[in-house]
Amino acid sequence: MKTTLITDITVKDICEGFVYNEFEGKGLFGLSGRLTIQPEYQRNYIYADGKKDVAVIESILKGYPLGLIYFNKLADNRLEVLDGQQRITSFGRFVTDKFAIMDDNNMPHYFGKMDGDKQKLILEAKLLIYECEGKESEIKEWFRTINIAGVPLNSQELLNAVYSGPFVTLGKEEFSNSQNANIQKWSAYISGSANRQEFLERALEWVSKGNIGDYMSRHRIDTNIAELKTYFNCVIDWVSSVFVEVESEMRGLEWGRLYEQYHKQPYDSKKVLTEVQNLYADPYIKNRKGVFEYTLGGSKDTKLLDVRVFDEATKKAVYTKQKADAELNKSSNCLLCAIGHDANKTKIWNIADMDADHVSAWSKGGATDIKNCQMLCKSHNRAKGNR
Ligand SMILES: [Zn+2]
């Protein structure tokens, strides 16, 4: 790979013929059309948060270095941005009055209304640019190893760069476009942001059963994403038809795994809704995120719910009472040992060897209070819990 350091390109040159696509949130062209700002293996523009984009402009005004920018020089003398897309898009958007910077009195200043000397300072700022020439594979491999932009690439952004091609382009059109009206519906079940590729990542994770890189490599040159879309929609449709009401705790659950595990089972969505509502109303449940998998699994695995346990004071009080009764009756202080037929029938256990148990099971409405607490030896408690 050959690299050449270029030091005479200014912000003004870069912004010549700047085209920004508001809809897709990306800068398209600069340098009078010679420069492609967001080639398909680049991530979406994520500086438009009123902080990072403003910081770029303030850096120029204060004369701070903007860091290196890397261009990939193509055969026909055209250029594409390898690293620096976020900064370049910030220049272009500022110069075209898409955002303002604040002064010390918190007053907004747009480029078009700034003093001429300040405008000049910005436009004449020179950039440090490396032009790289090489084979596509070299360039991409190298892009994978540079992480000099303000926000490091996350794992899906890296995968998009490594496996760039028609499949990634189509995938991003569907899942990484925050203007897509479906994103709002999907975000009931998926956490993260479309811009940071987290919806695309979930879609790929679900269809590939977790082998995202492998799946992307196999489909890299596909010119359709039918399987990806269909599988994703199946999962979303399944969740939204089993659980007809959206709860905030649904966001970010492993819906792909749950779909695989349970989608062949029939569910009565009305019964499911009642079950979920009852569980949400239960003050003993500490983990509401577990409610959905618990319900799908036939309301058996209470570990998913992290049900509140008896506190130490309650355990101690119940232990003391049971021990006194046992000594009086010459029987075991474990209520189940006491009615058994082995040597433990009269054994007095230490509190450390016993566990608290719900007399009436929590899942049958039993409360977690002293009236519903009994101490059992550990093996009896375990045996009872497994029933
Ligand atoms: Zn026992």
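Order of listing sets the numbers, starting from 1, for every ligand and every atom in it.
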*Side-chain ion pair, E260 and K209, N-O less than 4.0 Å*: yes
_I'd like to know if K289 pairs up with E249 as an ion pair, taking the criterion as any Lys NZ or Arg NE/NH1/NH2 lying under 4.0 Å from an Asp or Glu carboxylate oxygen._
no
*What residues form a ring-ring contact (aromatic ring centres under 6.0 Å, His included) with W349, not counting sequence neighbours?*
none
*Are R220 and F167 in a cation-pi contact, defined as NZ or CZ under 6.0 Å from the six-membered ring centre and within 45° of the axis?*
no
*Tell me, which protein N/O/S atoms are under 2.8 Å away from the Zn ion (ligand 1)?*
C334 SG, C337 SG, C377 SG, H380 ND1
*W238 and Y262: aromatic ring centres closer than 6.0 Å?*
no
*Is there side-chain contact between H219 and E227, with at least one heavy-atom pair below 4.5 Å?*
yes
